[in-house]
Amino acid sequence: MRTKRLSIGLGKTLAVAALLFWSLFPIAFIVMSSLKPGQEIFAVPPAYLFTPTFENYASLWNRWGSFFDGLLNSTIVTAGATALAVSASTCAGYVYSRNAGRFLNASVVFLIVVRLIPPIVVTLPLFPIINAMGLNDTHIVLIVLYATFFVSLGAILMRTFIDQIPRELDEAAQIDGAKPLTILLRVIVPLAAPGILAVAVFVVVFSWNEFLFAFIFTATKAKTTPLVISEMIGSIDGVDWGILFAASTVQLAPVLLFVVLMNRYLVAGLTAGATKG
Amino acid sequence: MAGLRLQKLRKAFGAAQIIKGVDIDIADGEFVVFVGPSGCGKSTLLRMIAGLEDITAGDLFIGDQRCNDMEPRDRGIAMVFQSYALYPHLTVYDNMSFGLTLSKTPKAEIETRVREAARILKLEELLDRKPANLSGGQRQRVAIGRAIIRKPAVFLFDEPLSNLDAALRMDMRMEIARLHKELGATMIYVTHDQVEAMTLADKIVVLDAGKVQQIGRPIDLYKKPANRFVAGFIGSPKMNFLDVRVTGVSNGAVTVESPTVASVAIEAEGFSVGDRAVLGVRPQLLRRGQQQPGLGVIRGTVSLAERLGAETIVSLETASGERALAVIPQDEVFETGSAVEFVFEPDAAHLFAA
Ligand SMILES: Nc1ncnc2c1ncn2[C@@H]1O[C@H](COP(=O)(O)OP(=O)(O)OP(=O)(O)O)[C@@H](O)[C@H]1O
Ligand SMILES: [Mg+2]
């Protein structure tokens, strides 16, 4: 008995360790490499103990000003896309949750089907249209595109969350004199906050890291960080791996921080809902 | 303050007719209780008055105003839900003041009204708590507080006490009665509970299958039920029903009998000799005794006797397999399987069409 329990415990520990290694190793590798002098990065065997240096970050600042422009663009696009996707998903989820009808039910199926089409198939034909509208190389085009990808999933997710909020709350608010938008903002949104954060996490991570559409629709003014990083790899004077890892670390940090912070909220939100009673 | 008039109200959900033409007049300040079996449409009717459900046909007047197409907030009503429906993310104070805040009532006035409601309902200590940290009874009081604050002309309650335990129910019942006296507002109250209906109501409306069966003062419904449904529904334990045959009719009195029931004359109309009928006798009217002129008699064998100390509940099985219940207001020994005769005053018995 005891040995069995012990071995189960050991197995669990090993599994978790493997999982952690699998997901954390690349991150650790990038962050550590960014702190090593250039010639030590690919040393064999790798040096685990070394004197950290910030020279890569200094060079990044001095030689790749465009990287920081990219960060600003990424921030604008991510914030915009997230705000748009979250608002649209919440409104749609509310309507889906509180109303029934053949048209509405059919449109849910449509939302799912649309999600199954590879986005690139719909996106490429957009190129001439966006060109004609003069939206090429603007933040708006990426904001709208990224948000659009998540509204279908987000709406369905939000409906599930809002379904768990008793309808009597809407009705009580209605009797208290609230109009639909007030009910949404003052009753539904605060109670569906965990769901809204969950959708936000999806959109933030996607928008921050997205490469292909940014590559297609932006050139200089709205260029996001992933594009700049890719330019570093294709740079004519050879790849400076130290700078590349420094840039990757900077690119990684905010999302990582965001997800970790939100994760705490997400877990708290879920357990709070469970014990509300 | 306002009375209500429901005229030929109808409600259909798709093809399903739920409320089938309901007429009720409710006076200003009256306490009206809707009772009826589960699914008969009590909540639906209440929600139609509140404006949470569209009215398919008919007219609803609150005060002098036709309210069919009026928004709930404009009807001068407040509703207390069975599930309380408190806003979980708001404190007790904010729950109660939500409506006033929306209508941009001055802060000072909100404060006064919340304090006043909190005083009436003994919630002063709890104003900063969230609903999750309240007991069932406290939540119920907050829900009532939220209603009081609006100073409505009409209060609507949908089974407000059914989630509370027995002791708390009694407290809250008295609280609601006191509130009605204090506020003088019209109240409409849906319940399953006989005691709540009998004690709170000025007027009871008995509903079945979307139709009004009878409207009247509690004691009138108990003593003079309009039909067999009302007779069986009001009173606990249920009225006994026994199949009988009409053997004689003379001005205002109908004589009936059956193998179980000795020939007895009951005040009734609309029967003729040879008709089948149903005799209704409340369990509390039966007592052990011998046949004598002027008394009704039911014969059978005791199938179960429950001695509760203050009273004894006897189940009787007749020769034809019918069952009857007698509630004897004292401790008495009945032997299971023994033959008994129960007598009753025919004045208090009822006769219904079979
Ligand atoms: N939105 C709806 N769509 C279709 N049918 C409904 C709807 N709401 C209620 N009903 C039906 O209307 C009937 C009456 O419901 P209602 O809730 O008014 O009953 P009730 O008398 O309050 O019962 P209970 O005592 O169980 O609360 C039920 O048969 C119910 O199934
Ligand atoms: Mg109901």
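Everything numeric in this text was worked out from a predicted model, so none of it was measured.
- Only the backbone of B/Ala78 has a heavy atom closer than 4.5 Å to any heavy atom of chain A.
- The number of heavy-atom neighbours closer than 6.0 Å to CZ of B/Phe13, taken from other residues, nucleotides and ligands shown, is above 12.
- With a 4.5 Å cut-off on side-chain heavy atoms, B/Arg75 and A/Ile175 do not count as touching.
- For B/Met70, the CE atom is densely surrounded, since the number of other residues' heavy atoms within 6.0 Å is greater than 12.
- Looking only at side-chain heavy atoms (C-beta outward), B/Arg73 and A/Lys179 come within less than 4.5 Å of each other.
- Enclosure of atom CD in B/Gln65 is not indicated, since only 12 or fewer non-hydrogen atoms of other residues, nucleotides or ligands lie within 6.0 angstrom.
- Counting heavy-atom pairs closer than 4.5 Å to chain A, the top-ranked of the candidates B/Glu71, B/Lys130, B/Arg47 is B/Arg47.
- Nearest heavy-atom pair across B/Tyr87 and A/Leu169 is CE2-O, 3.8 Å.
- Shortest non-hydrogen contact noted between A/Pro190 and B/His89 is CB-CD2, 3.4 Å.
- Few gaps surround CG on B/Asp25; more than 12 heavy atoms of other groups in view lie less than 6.0 Å from it.
- Around atom CD of B/Glu182, more than 12 heavy atoms belonging to other residues, nucleotides or ligands sit under 6.0 Å away.
- By the salt bridge (charged side-chain N to carboxylate O under 4.0 Å, His left out) test, B/Asp158 is found to be paired with no residue, residues two or more places apart in sequence or in another chain being considered.
- Other residues, nucleotides and ligands contribute more than 12 heavy atoms inside 6.0 Å of the CG atom of B/Asp165.
- Contacts of B/Phe81 with chain A are made by side-chain atoms alone, with heavy-atom separations under 4.5 Å and no backbone atom involved.
- Applying the ring-ring contact (aromatic ring centres under 6.0 Å, His included) test to every pair with at least one member in residues 107-159 of chain B, sequence neighbours left out, gives these pairs: B/Phe157-B/Tyr189.
- Among B/Leu52, B/Thr101, B/Asp74, B/Ile149, the residue making the largest number of heavy-atom pairs under 4.5 Å with chain A is B/Leu52.
- Heavy atoms closer than 4.5 Å to chain B are found nowhere in A/Arg167, neither backbone nor side chain.
- Here the shortest heavy-atom pairing between A/Gly177 and B/Leu102 reads C-CD1, 4.0 Å.
- Contacts of B/Ile77 with chain A are made by both backbone and side-chain atoms, with heavy-atom separations under 4.5 Å.
- Enclosure of atom CZ in A/Phe202 is not indicated, since only 12 or fewer non-hydrogen atoms of other residues, nucleotides or ligands lie within 6.0 angstrom.
- When every heavy atom of B/Ala85 is checked against every heavy atom of A/Ala172, the shortest pair comes out as O-CB, 3.9 Å.
- Between B/Gly51 and A/Gln174, the shortest heavy-atom contact is O-NE2, 4.4 Å.
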